[in-house]
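A short write-up of the structure that comes next.
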Amino acid sequence: MRLLGVAIFLAALAVPFVFGGNLYVMGLLVSSLILAGVALAWALLGNLGGMISFGHAAFFGVGAYTSALLAAKLGMPVLLSIPLGGLGAALCSLVMMPTLRLSGPYFALAILAYAQIFRILVTEMSGITGGSAGLSSIPALPTVFGIDLSSRSGSYIVLTLLVGACAAVYAAIRRSHVGTALRAMDESEDATRVVGVNSVLLKAWMLILSAFITGLFGAMNAHIINFLEPDYAFSGTWSVLPIVAGIFGGYRTILGPIVGAVLIYLFDQVIAKSLISVGHQILLGSLLAAIVLIAPNGLLPLLGRLRGDRHAQALRGGRHAQA
Amino acid sequence: MLETRNLRSGYGRINVLWDVSLSFPQGQLTTIVGQNGAGKTTLLRALMGLLPHEGEIRLDGQRLSGKTWNLTERGLVMVPEGRLVFRDMTVEENLVLGAYPKRCRADSRTNMERIYGLFPRLKERRGQLAGSLSGGEAQMLAMGRGMMSSPKILLIDEPSLGLAPVIVQEVFGIIRQLKADGTTIVLVEQNTHMALGVADHVHLMRSGQVIMSRPASEVDLDELHDLYLAREA
Amino acid sequence: DEFVIGAHMPLTGSLARSGQAFTEGMQVAVKIFNEKSPKHKIRVEVIDDESTPAKAVTAVEKLVSNGATAIIGGYGSNIVGPASGASDKLGKVYITAGAVSDELTARGLKTFFRINNNAGYQRGVETLLQELKPQSVSIVTSTKEAPLLLAKGLEESLPKSGIKVTVHQFDPAITDFKPIINKVKLQDRSDILFMSAYENDYVGIIRAAKVLKPNVKAIVGTWSLATPKMYSDFPDLMQNVLGTSFLPFPVEVKDEEGRRFADVYKETYGKEIEYLSTLSFVKAMVLCEAIARAADAGTVKSGGLADEMRKTDRASLLGRIKFDETGDNPNFTLSMGQHQNGKIVLVSPKANATGAITYPGLPW
Amino acid sequence: MLKLENVTVRFGGLVALKDVSFRMGPGEILGLVGPNGAGKTTLFNAISGLVRPRGGRILFEEQDIGRLPLHQRARRGLGRTFQIPQPMHQLTVRENLVVAQVFGAGRADAARLDEILEVMDLKSQADRDAASGLALQELKRLEVAKALATNPKLLLLDEVLAGLESQAKRHFMLKLKELQARFKIGIVIVEHDIETISNLCSRAVVLNFGQVIADGTPSEVFRNPAVVESYTGTAHA
Amino acid sequence: MFDLILQALSSGVLIGSVYALIALGLALTFGAMRIINLAHGELVLLAAYMAYVVEARTGLNPYAAIPLALVATCVVGTAIYFLVDRIREHRELNSLILTFAVGIILTNAILLFFASDVRSTSSPVLQDAVSVGNVFAMNSEIIAFAVSLILMAILWWWLKRSWYGRAVRSVSSNRSASMLMGIDPTRTEFIAFLVASILASFAGVALYTMSVVQPAVGHALTVKAFIVTVLAGVGSIPGVFCAALLLGITEALTVTLASSALQELAGMVLFLLVLFFMPNGLFGAHARRG
Ligand SMILES: Nc1ncnc2c1ncn2[C@@H]1O[C@H](COP(=O)(O)OP(=O)(O)OP(=O)(O)O)[C@@H](O)[C@H]1O
Ligand SMILES: Nc1ncnc2c1ncn2[C@@H]1O[C@H](COP(=O)(O)OP(=O)(O)OP(=O)(O)O)[C@@H](O)[C@H]1O
Ligand SMILES: [Mg+2]
Ligand SMILES: [Mg+2]
């Protein structure tokens, strides 16, 4: 699995040398990588933190606005403002700490409520944020070492590195004891706490980390399309598509959400759109339904199982209904 | 009469029961004993259709379809081990659900009063959520709920588990009474002393097989324990 | 020779309604153009931008890589902004009729053109209000970008003509307008209820007004309100309501082009032309003609299209079209129409009026 | 090492524990008995932090732990099992113990972990898919193993022996005694089998309706008429 | 001022009762199966479009569309159920994706069939005002309110008192234990789904008569319904009613006393506050024990 990950990463880095000239293809890939980053962050929270969120748009939007405002209004260098965007999202996850007491759909919806609240706040604070008219002319990514990062290929490389780095962090956490404890908390929180795990703290860290990563990609996106408005930055899409991508690819794996995001996005935009121009999402819906029925653990575990991969089987060790 | 022929069953890839052939005569009490992990609970679950099986299960000569809910409708009822109660429903609602099969709905009021009489503690706790009962109270609830449908055949899994000694005495009194009323009973119990006191037949299981079947009158407690111990042999 | 025009339209998502009307007007324009132009043929390739900016940008890139000569933009400044930016980077002319924000023309793009703008809408409404001379106006506006822009503009300009203005913003998610209208009724007591919003909001607002019956003299709205479709869908809500319009209904177009448009449109889609399809028709026509001129001059490949666009100066269903330095069309003005028993009568400005205004006039 | 002073717990109108006080010394094995619903599990919950008492103090090694969160109590050396086993479902048996060890005891110690697996007879199960596939008795042993892995000074065992076949029960009891002797762990054990309590414990505390009704050596306690009437039914020697 | 507040309260109650009606079906499937039917809003929308079809084609009153709407929602509801029933692992999470997918399919199918025009009833009778003192409402709102109350009472009775209702609740509480009671969980869940579909059809028709529909609003309806369900606490019918009214009133009062732009915000803040102070919702009881 790990080797596969590294191989995919290296292959991904080579893509611009093949398709670099085709703006359309690179544009699609850039968008799908943004989605992949958010999906990864979502899955991190869902898998490690055991918290399914319906509102990652909150972090995406806050990250985007923070970075865009810092760069556009205060003239901060974009490469600095982007991590600060992530930090902004992480900060705003702090006000969500009360949600950690909630579980299941209660948590999911509470985060969704936050996303709505942030959207409305950003719309209302038009003095700073430009309100519903949004911000245009957001500074683009700079040129570094002679590479124009604002070009499609440049952005692509940055995003690939970023996704790779986040996946590596995720993998490191999952392998650690903290990762095991987090996995344990799923469905057995009291049992985990009585053996000395400070579950609230660990979950809080996962929420912060997930928010940070999501904010990072939100910020990247803002500087890539150079435009923001509340409805777009806090759009439900940023909450829903990562879930879809994560579950499609297999949200308990690290590679799953990434691969899922890229595949889903490309399928929807390239294949479905060329088949049906209006309502092409019908195909996306059918694909999703099919994958859930055929591969309830997502695409990657399915592939793993087909290859008799032991790792995937361990993942599959679901709970049998105890009669 | 309930009987099994070459019954095999288990969990997913793991097979637990190996060719179990047993019969449980009408109106009598059969007890199944055996060390932990022998497959007693698994046998009851398979009988109730909660687990997929190979081989045959027959009720009055008729092969059973394996749909748990149909069995219950026909009078085959199980009191499960491990407090399988409806945790987010009240004690009373749990009991009412025990009378779900159509044939016994009409009697549910009287049955409930009878059970409250047998377990006054349940009556005290009637409005409490079953999930917050103490371990023993939940066990009483499971037992009472099983009796709500006036079963013809009752499968009981470790009824004394977690009960205070006084209550254990009472529960066995109840079991004796049920038997006297003509209920066919299959009893799985670790407390062999108590179990032998009420049983007509004894089956000993080990590693998913029945290794001894005898009328209870011919079983000697010490000998039984020796057979238990034969695990290393 | 054949040219491809790329178009990104919101065919799905929140703006799907507008996207469809736009697409229809555009298709009719191309059809008519191809009929009368023997030399140059034009083909449109439409991509659904799903009402989102990022997909619009991708769409532009795809269209250009598929060989589009120019781009027709979709709806909403939020989407047109980034999409036209992308188009500019690729050096392609971009024209829109669905983005009114002032920021768009402030960017100094050489390839960006639009035929309508907020100023035009504002002027249209102001003219009507100055003619009606109400004491006070209540503005009910969606917090969406374009409606809010118009509302803000009016909030500033109307008091200059001595009209008292109260603004009520609402979130687009709202469905029950009774509490707002009740404020208009009990607190504002205005003469005119002005709505800056979209179709679904109009229905909700007028319905609430019909229930609460505030003591106003007229209900005025903006785009997509004074259309035959609105009347046929909601006959008892629309009577006497005023909205921006270009053409009266039944269509009495004096010029050849307008008549032809109405005919082909009816033939193709089986319905009367509408506000949005008219806008779209005009912008597509202007673009087609510019392409033809550039093709004649042989400058299409060398970037001459933008210059040809800038040379455009023609009358149209929307009045005179002539782009300024920023690509805006400062001549854009419109009329105000009133629903009168299934007809739409142009009532303002006086010069264009096709009938008398019913004032005070309400749906109830 | 453990001292309860007037611990009171209520659930709505129900008084589950009323002014419960007792103390136990280090290395002691204390039997906690009483009729069903007497409040034994609730007392464990109060000590380990799952329910918050309405009144009273809980002292562990001379310090009031009544306000500490669950996990800190565990880290101070309070281990407990659940009457209804609560394994960490997603993890293998070994991972269950690793988590308990790393977070409860503060360090990973593979040798000790193997020892615990051995003692608790879980070796063959250790690396199976997930703990959720275990049978009830295996789950109970896992409960004890988890608690042991946190290096506890005091172990609260809630009916871990119930449902064991008599031979296995004897075997388990020996192990508990051995553990207690070897690691100097204090044990409080809830159990309904009088014989077991008599064999295992040096002292027994009897609860009824949330109150301590007897406290003494098992033989004393089980002769107490109040206990006989409410709990054992018949007199035991 | 007094009149304003009175009107806001009444508007809030009326709109709240429709929220309740929309949420009921969702609450039922959620309570009965722990399955969040993300296509519920689309189901409601489908019923609304059926009402449109009947009204536009035949000129009949939209309420005449209820039989057609029932058929449509039940057919789709059945299809959803059988798809969900085929999920073998991680049912809760996977059903989320599955129903979401069905929602996408429905939205786009509606878009293809009915285009994206705004639809609502054109019947003047339904839009006429009724007034009590200075408080006004539309006829259709009053009817929807009454229907909502009646359906809620029936549903409450059904869940509390009928054997089917008990079965529904027991299956959600513990599937295998309910089988031991003689309950066929699959059939029970199916019935729950059907009832939810029936509720959706009434909700859809009511929505069509008093508000506007567009293909894209299905998702928003689901979210609203879901929020009401969670506010209520799992499985509580009176909870759904109270939560929906609370939400409706809060929104209406915000518009009246503060700005209408803050309506959505107020609803969300209310939602969070309730959750933080009552983590299981207004009426949710939940047993947790060691
Ligand atoms: N849910 C399960 N998944 C996998 N294996 C199981 C499961 N439940 C039980 N087993 C296995 O099946 C075997 C028999 O278990 P069973 O519970 O039937 O034993 P038992 O005779 O009832 O024991 P006890 O006296 O402890 O109740 C055991 O080896 C156990 O490991
Ligand atoms: N969360 C709760 N809400 C209401 N009552 C509760 C709650 N938890 C426990 N109780 C009640 O408190 C009493 C004490 O329960 P507890 O579990 O402590 O008993 P126990 O002594 O452990 O009994 P057993 O031997 O049966 O396990 C019981 O009557 C139980 O019903
Ligand atoms: Mg068993
Ligand atoms: Mg207990």
Side-chain angles (χ1 to χ4, degrees), chain A residues 46 52 54 96 98-99 101-110 112-121 123-124 132 189-191 194 236 240 243-244 246-248 251-252 276 278-298 316 318-319 321-323, chain E residues 30 34 36 38 83 86-112 115-116 175-177 179-180 215 219-220 223 226-227 229-231 234 259 261-265 267-272 275-276 279-281 284 288-290:
Chain A
I52 300 297
F54 284 179
M96 299 183 185
T99 57
R101 294 201 305 149
L102 307 171
S103 61
Y106 297 94
F107 173 81
L109 271 200
L112 175 71
Y114 272 106
Q116 299 281 38
I117 290 175
F118 287 140
R119 175 182 66 78
I120 298 170
L121 287 182
T123 313
E124 291 296 303
S132 58
E189 189 157 343
D190 279 346
V194 299
V240 168
I243 306 181
V244 167
I247 296 182
F248 179 85
Y251 87 107
R252 291 199 179 277
I276 308 177
V278 182
H280 58 88
Q281 287 191 330
I282 277 195
L283 294 180
L284 179 67
S286 313
L287 177 75
L288 284 178
I291 197 85
V292 166
L293 294 175
I294 297 166
N297 288 295
R316 204 166 48 97
R319 286 136 272 143
Q322 295 254 341
Chain E
F30 182 45
R34 296 297 141 101
I36 299 163
L38 288 182
L83 286 178
R86 290 196 47 192
I87 300 177
R88 286 286 159 260
E89 283 171 72
H90 310 301
R91 216 164 80 123
E92 286 180 24
L93 199 58
N94 277 329
S95 64
L96 214 62
I97 295 299
L98 190 63
T99 53
F100 175 72
V102 173
I104 295 185
I105 295 175
L106 279 178
T107 301
N108 285 284
I110 291 176
L111 179 72
L112 286 177
S116 43
R175 209 178 155 86
S176 26
M179 298 206 288
L180 287 175
H219 188 65
V223 171
F226 195 15
I227 282 181
T229 305
V230 168
L231 259 184
V234 179
S259 155
L262 298 179
Q263 162 180 323
E264 200 61 5
L265 186 76
M268 292 300 162
V269 170
L270 168 80
F271 175 70
L272 285 180
L275 276 194
F276 290 161
N280 294 311
R288 278 183 83 205
R289 237 174 87 83

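Chain letters run A, B, ... following the sequence lines, proteins first, then strands; residues in each count from 1.
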Test of understanding: with ring pair (Phe, Tyr, Trp, His ring centres under 6.0 Å), list the residues that count as partners of A:Y251, not counting sequence neighbours.
A:W42

Nearest 0.5 angstrom please: A:R101 CZ to E:F276 CZ, how far?
8.0 Å

Using non-hydrogen atoms and a 4.5 Å limit, figure out which bit of A:F248 sits close to chain E: side chain, backbone, both or neither.
neither

Proximal component of E:L272, with respect to chain A [non-hydrogen, under 4.5 Å]
side chain

Could you check which of E:L38, E:L98, E:I97 has the highest count of heavy-atom pairs closer than 4.5 Å to chain A?
E:I97

What distance separates E:R86 CZ from E:R91 CZ, expressed to the nearest 0.5 Å?
14.0 Å

What part of E:I227 gets within 4.5 angstrom of chain A, counting heavy atoms only: side chain, backbone, both, or neither?
both

Does any backbone or side-chain atom of A:T99 lie under 4.5 Å from a heavy atom of chain E? Answer side chain, backbone, both or neither.
both

Can you say whether E:I105 sits under 4.5 Å from chain A via the side chain, the backbone, both, or neither, judging by heavy atoms?
both

Segment of A:V240 engaging chain E (4.5 angstrom heavy-atom cut-off):
side chain

CD on A:Q281 to CD1 on A:I276, rounded to 0.5 Å:
11.0 Å

Using a 4.5 angstrom heavy-atom cutoff, name the option from A:V292, A:L284, A:L293, A:L288 with the most pairs to chain E.
A:V292

Using heavy-atom distances under 4.5 Å, tell me whether A:I120 contacts chain E through its side chain, its backbone, both, or neither.
side chain

Which region of A:L287, side chain (C-beta onward) or backbone (N, CA, C, O), has a non-hydrogen atom less than 4.5 Å from a non-hydrogen atom of chain E, or is it both or neither?
neither

Measuring heavy-atom distances to chain A, does E:V223 have an atom under 4.5 Å in its side chain, in its backbone, in both, or in neither?
side chain

Side chain, backbone, both or neither: which part of E:L96 has a heavy atom under 4.5 Å from chain A?
side chain

At a heavy-atom separation under 4.5 Å, does A:L109 approach chain E through its side chain, its backbone, both, or neither?
both

Which bit of E:F100 comes within less than 4.5 Å of chain A, counting heavy atoms only: side chain, backbone, both or neither?
side chain

Given heavy-atom pairs under 4.5 angstrom as the criterion, report whether the side chain, backbone, both or neither of E:L275 touches chain A.
both

Separation between CG of A:L112 and CZ of E:F271, rounded to the nearest 0.5 Å:
7.5 Å

